[in-house]
Structures are given as C-alpha cells and as structure tokens.
Amino acid sequence: MANSPFQSWEGRSSLSLFPRVNLQSIAGEQILFCQVAYEPGADVPAHAHEDSEQVMWITGGSLEMTVDGETQRIGAGDCVVINRGVEHALHSDEGCTFLEAMSPVPRDHVADAERDL
C-alpha cells in the first residue's frame, strides 16, 4: 500500500519520541503528516527541528506551548506554525490530540520507513 496514493491510519505503527507522546505518520517525498496523542502529563522539552517546518492543528484537549519564547495555552481548533530551527516546548496537563504536517520529512518521526516513505 506504500506505493498507493490511498492510505489509512489503520495498522500503522505508533512511535513514541517522548514519554506519554504517541504518533502515527504517513509520508510523501516532501511532507510528513502525523496524528499525535499526548497523554495527561505529557511533557516535551525545548527542542528545534533544524531542517523542517511544522504546522499543528489541535483537534482535542489542550496544551501549553512555548514557541521562540512566547507561551500560550492552545486547544481544539487552534493552529501553530513553527519555522525551521525555532525552539519550542509543549506540556499537556489533561491530554491533547493534534494533526501535524512537517516538511521536509524528519526521518526520526517516521515509525516504519519501509512502509511510510
């Protein structure tokens, strides 16, 4: 199915880059698309994606996010754009779900490169 333009989240491997954070990904040549779930208490320390831009769309719950020194609480319906190399950190007390797109594809966010790339 990797060569098909039609994909499904069903049966995809889950990847945990940080404790209490799980993501599934589908990738093309230039764009990675993820659905991400933060369990209550999830904490992602400050980091940056040197080569990738990131766009997030919050679909449920909420989180506190700091981007380039600015902190906001965001929830369902909110979007965040993080340019390449910009430091950001996230914390969710209650849990949160979101969809994100990243370009170019950061290989460390791909659970199964054979299937997903």
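All values below were derived from every heavy atom in this structure, side-chain atoms included, with hydrogens, water molecules and symmetry-related copies excluded.
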Only counting residues at least two apart or in another chain, list the ones meeting side chain to side chain donor-acceptor pair (under 3.5 Å) with [X].
| X | value |
| --- | --- |
| Q72 | E70 |
| Q35 | Q24 |
| E94 | S62 |
| E50 | none |

- Item | Greater than 12 external heavy atoms within 6.0 Å of I31's CD1 |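 Check fails, neighbour count at 12 or below.
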- Message: Going by salt bridge (charged side-chain N to carboxylate O under 4.0 Å, His left out), name the pairs with one or both residues in residues 16-42, residues two or more places apart or in two chains.
- Response: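 Applying salt bridge (charged side-chain N to carboxylate O under 4.0 Å, His left out) to every pair that reaches into residues 16-42, excluding sequence neighbours, yields nothing.
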- Please assess F98 against I74 for the test side-chain contact (heavy atoms from CB on, under 4.5 Å), listing each intermediate value before the final yes or no. CA-CA 11 Å; F98 58 90; I74 55 176; over 6 Å; no
- Message: How long is the straight-line distance from OG of S14 back to CG of L23, given to the nearest 0.5 Å?
- Response: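 Reported to 0.5 Å precision, the distance equals 6.5 Å.
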- Query: Out of curiosity, S103 OG to L32 CG, how far, rounded to the nearest 0.5 Å?
  - Reply: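 One gets 9.5 Å once the value is rounded to the nearest 0.5 Å.
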Can you pull out every ring-ring contact (aromatic ring centres under 6.0 Å, His included) where at least one residue sits in [range]? Sequence neighbours excluded, please.
| range | answer |
| --- | --- |
| residues 62-84 | none |
| residues 52-72 | none |
| residues 66-86 | none |

Is a donor on one side and an acceptor on the other found under 3.5 Å between the side chain of [X] and the backbone of [Y]?
| X | Y | answer |
| --- | --- | --- |
| S52 | P104 | yes |
| S25 | V110 | no |
| T66 | A89 | no |

- Query: Linking I/L/V/M/F/W/Y whenever their side-chain heavy atoms sit closer than 4.5 Å, directly or via other members, would V44 and M102 fall into one cluster?
  - Reply: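 They do not share one cluster, since no chain of ILVMFWY contacts under 4.5 Å joins V44 to M102.
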- Query: Got a sec, which residues hit salt bridge (Lys or Arg N to Asp or Glu O under 4.0 Å) with D43, two or more places apart in sequence or on another chain?
  - Reply: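 Partners of D43 by the salt bridge (Lys or Arg N to Asp or Glu O under 4.0 Å) criterion come out as none, since no residue qualifies.
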- What residues, two or more places apart in sequence or in another chain, satisfy salt bridge (Lys or Arg N to Asp or Glu O under 4.0 Å) together with R73?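 Expected list: D93.
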- Let me see the working for W9 and F33 under side-chain contact (heavy atoms from CB on, under 4.5 Å), right down to the final yes or no. CA-CA 11 Å; W9 293 114; F33 189 57; 3.7 Å; yes
- With sequence neighbours left out, what residues match H49 under ring-ring contact (aromatic ring centres under 6.0 Å, His included)?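 With sequence neighbours excluded, H49 shows a ring-ring contact (aromatic ring centres under 6.0 Å, His included) to H47, H88, H109, given in chain and number order.
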- State, to 0.1 Å, how close I58 and L63 come at their nearest heavy-atom pair, and which atoms those are.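 In terms of heavy atoms, the two residues are closest at CD1-CD2, 4.5 Å.
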- Heavy-atom side-chain proximity of M65 to I82 below 4.5 angstrom: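 Of all side-chain heavy-atom pairs linking I82 with M65, at least one is under 4.5 Å.
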- Residue list, side-chain contact (heavy atoms from CB on, under 4.5 Å) with N83, at least two apart or on another chain: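 So N83 forms a side-chain contact (heavy atoms from CB on, under 4.5 Å) with E53, V81, V86.
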